[in-house]
Amino acid sequence: MSEGNVRVRFAPSPTGYPHVGNIRTALFNWLFARHSGGKFIVRIEDTDQSRKVEGALESILDSLRWLGLDWDEGPEVGGDFGPYFQSERLDLYHKYVLQLLDGGHAYKCYCSPARLAQARAQMAERKESMRSYDRHCRDLIPEEQARSEAQSITSVIRFKAPLDGQTTFHDLIRGDITFDNSELDDLVLLKSDGYPTYHLANIVDDHIMEISHVMRADEWVSSTPRHVLLYKALDWEPPLFAHLPMILGPDKSKLSKRHGATAVTEFRGQGYLPQAMLNFLALLGWSLDDKTEIFSREELVQYFAIERISKAAAVFSHDKLRWMNGVYIRDMSAEELTEQLLPFLEKDLPVEVKRPISREYVRQLVPLIQERLTTLGEAADLFGFFFVDKLFYNTELLLGKKLTRGTAVAGLEAALTRLEDQSFVAASLEEALRALASELGLKTGEFFGLLRVATTGRTATPPLFETMAVLGKDTCLKRIERALEKLRNNPKEPVPV
RNA sequence: GCCUCCAUCGUCUAGCGGCCUAGGACACCGCCCUUUCAAGGCGGAGACAGGGAUUCGAUUUCCCUUGGAGGCACCA
């Protein structure tokens, strides 16, 4: 297989919002396609009528777009192998089911769901391997079949899997994998509603669309031998397989909604950057060497190789994602960060803050908050004091660990007068306030801490003088006055100032 | 239960017989810087699941055990 002929596909089913595992699969396929100059195809596997979820398709495409995973063929862009929705390819599947039927590789099954369940229960009871179907209809005599047909009992088409022997396939990541055919069952190819099952649609489309490599999650290895058998029955050459390690939750089970935020769109909503997400996901199951952690999209494309995909499942680490997001935030230009931050501030800041949020103002404080942010979504919460009118905080905070109310009041009063005709530039603020601290006989830490709480309502903030400079004289003086009022009133009660 | 896969620090991983007294990163803990918080710098703690076999030599090869995961639908 020459590298230029690589055609890989991401084949999601629109049954929900794509979680990071799905998208990681998409990413690896995309990286492989781009690395080898091949095609990346998106095919929608919408063969389950009952599980369709409204908005899922858009969410899937949105997630791909957000991460910059562009597709060469698929929804919206079309291509020579369309349509790319399986629900629009039904004739194709019927054609090959017929071929399978004619060739004696498939048969009609009239079993009712109830009978199936019963048979399964019996097999389980007898502690046989829990095969899903007892092959009741596999060798129906013509009379029985005619009777069922006459009663127009609905039927499905099942694959007539070989009863003995073995099936081996080669996996690019795991090597040869062998299954005893006796373990395989007669899986349903065509459902009673006329739609194909995943197994049928998947192999027909992969073949017709000339897919060269099937890269999909590990959970598919157990159905791969059946697929291989199907290819054989149809006299087709199977594609190359690469089963990707699973992504697990912290409890090491298959990642799902119950592990909290797992949908890619959720991460976007929380203020994770696509570059960080991309970088992080790429490292879940793939690595270049023993030290490189930060990769640009281009580097990822350049270095990606199937040979370097690991076999073991990986636990999704929220901590590391957060760290990496912080790295990317710090790496942004101030202008860029300002733009990215604005929508989050618009959305998250308290309603009383007047809109639109000033871009110019945000641009001013970006240098103060950039290295303190790990997600964009934290900004409003952490640095809301730059925007709001009223500060809410416990008066006790003003006193810190050592200050008495008396010294605090004296300190703030002194600050007030000193700041009256003070130019609000960080350097000169520092000069003036340092001097004042020593005049008052207060340690700088204590005095600055007092001012910090008075002007921001918080004990942890960006550097005080720069913060005050951005806040401006009016705001700072007003806030100090209100802090004084608080101290003179009941110091226990957190009253709005 | 049956089948398949997997197995290095808590987590992501490097390691493809000697370079390993096992490297990096996140998280954690100290110290430094410092008006707080970050960021940054320095340092620390922390892993080859167990047992055989092969070999002059196993983290690296093979086998078994154990553990974990996935699959066992007219879902994908």
Side-chain angles (χ1 to χ4, degrees), chain A residues 11-15 45-48 50-51 109 111-113 116-117 120 123-124 126-133 154-158 171 173-174 177-180 182-185 187-193 195-199 201-202 217-225 243 245-246 248 250 252-254 280 283-294 307 310-324 326 330 368-374 382 400 430 433-434 437 443-453 456 458-465 467:
Chain A
S13 72
T15 53
E45 312 226 323
D46 54 350
T47 56
D48 188 340
S50 60
R51 292 208 312 156
C109 168
C111 293
S112 67
L116 256 21
R120 254 196 297 273
M123 285 188 289
R126 271 183 275 134
K127 294 207 166 152
E128 286 176 17
S129 69
M130 258 174 48
R131 220 179 303 103
S132 64
Y133 181 54
T154 58
S155 64
V156 300
I157 311 287
R158 286 183 184 274
D171 186 280
I173 296 171
R174 283 149 220 286
I177 299 177
T178 301
F179 286 78
D180 282 340
S182 60
E183 291 298 330
L184 277 23
D185 48 27
L187 47 80
V188 172
L189 262 20
L190 200 67
K191 299 183 259 188
S192 56
D193 63 0
Y195 277 75
T197 58
Y198 167 85
H199 306 288
N202 192 263
D218 220 12
E219 57 192 324
W220 293 107
V221 316
S222 55
S223 32
T224 304
H243 287 95
M246 304 275 295
L248 275 24
K252 307 227 178 168
S253 71
K254 192 172 161 179
F280 178 73
L283 255 20
L284 233 42
W286 176 86
S287 66
L288 173 65
D289 55 27
D290 58 343
K291 40 181 69 76
T292 318
E293 296 270 319
I294 304 298
E307 300 73 56
S310 58
K311 296 178 184 178
V315 172
F316 185 86
S317 161
H318 222 105
D319 274 342
K320 193 156 185 173
L321 206 213
R322 283 181 62 78
W323 164 76
M324 194 170 277
R330 275 171 251 132
L368 302 188
I369 69 175
Q370 185 158 20
E371 67 186 21
R372 272 160 263 261
L373 242 30
T374 84
L382 250 30
E430 174 159 13
L433 264 9
R434 269 189 196 284
K443 286 185 178 169
T444 51
E446 294 169 350
F447 187 47
F448 296 165
L450 171 65
L451 288 170
R452 166 171 291 108
V453 174
T456 68
R458 289 183 162 260
T459 53
T461 73
L464 180 60
F465 310 113
T467 300

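So you know, we letter chains A, B, ... as the sequences are listed, proteins then strands, and number each from 1. This one's a predicted model, so the numbers in the text were calculated from it and none came from an experiment.
Ranking B/rU36, B/rA73, B/rA27 by closeness to the A/Arg120 side chain, first place goes to B/rA73. Of the listed nucleotides (B/rU11, B/rG70, B/rA76), B/rA76 has the atom at the smallest distance from the side chain of A/Ser13. Here the side chain of A/Thr461 is nearest to one of B/rU36, B/rA27, B/rC12, namely B/rU36. Proximity note for A/Trp323 (side chain, C-beta onward) versus B/rC37, B/rA76, B/rA27: the nearest is B/rA27. For A/Phe179, the side-chain atoms get nearest to B/rC3 when compared with the rest of B/rU36, B/rA76, B/rC3.
Residue contacts shown for A/Ser50 are absent, as no nucleic acid heavy atom lies under 4.0 Å away. Across all strands shown, A/Cys109 has no heavy atoms under 4.0 Å from either base or sugar-phosphate atoms. Using a 4.0 Å heavy-atom distance criterion, A/Ser192 is classed as a base contact.
What separates CG of A/Leu464 from P of B/rU36 is a distance of 11 Å, to the nearest Å. One atom, OH of A/Tyr133, and another, C1' of B/rC72, lie 16 Å apart when rounded to the nearest Å. In this entry the distance linking CG of A/Leu248 with C1' of B/rG10 reads 15 Å, nearest Å. With rounding to whole Å, A/His243 atom NE2 is found 20 Å from B/rC3 atom P.
Between A/Thr15 and B/rA76 there is no side-chain polar atom (N or O) within less than 4.0 angstrom of OP1 or OP2. The phosphate of B/rC75 has neither OP1 nor OP2 within less than 4.0 Å of any side-chain N or O from A/Thr47. An OP1 or OP2 oxygen of B/rA76 is reached within less than 4.0 angstrom by a side-chain nitrogen or oxygen of A/Lys191. Residue A/Arg158 places at least one side-chain N or O closer than 4.0 Å to OP1 or OP2 of B/rC74. For the pair A/Ser317 and B/rC26, the criterion of a side-chain N or O lying under 4.0 Å from OP1 or OP2 is not met.
Rounded to the nearest Å, the gap between the C1' atom of B/rG18 and that of B/rG52 is 22 Å.
Mapped onto RNA chain B by nearest heavy atom, A/Pro463 and A/Thr154 fall at different nucleotides, with A/Pro463 at the one closer to the 5' end.
The partner of B/rG1 is B/rC72, judged by Watson-Crick or G-U wobble contacts that both fall below 3.5 Å. In a base pair of the Watson-Crick type (N1 to N3 plus N6-O4 or O6-N4) or a G-U wobble (N1-O2 and O6-N3), with each distance short of 3.5 Å, B/rC28 is matched with B/rG44. With a cut-off of 3.5 Å on both pairing distances, the Watson-Crick or G-U wobble partner of B/rA7 is B/rU66.
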Show the distances under 3.5 angstrom between N or O atoms of the protein and N or O atoms of nucleotides 5-9 of chain B.
| from | atom 1 | to | atom 2 | distance (Å) |
| --- | --- | --- | --- | --- |
| B/rC5 | O2' | A/Arg174 | NH1 | 2.8 |

Protein-nucleotides 19-24 of chain B N/O pairs closer than 3.5 Å?
| from | atom 1 | to | atom 2 | distance (Å) |
| --- | --- | --- | --- | --- |
| B/rG23 | N2 | A/Asp290 | O | 3.2 |
| B/rG24 | N2 | A/Glu293 | OE2 | 3.4 |

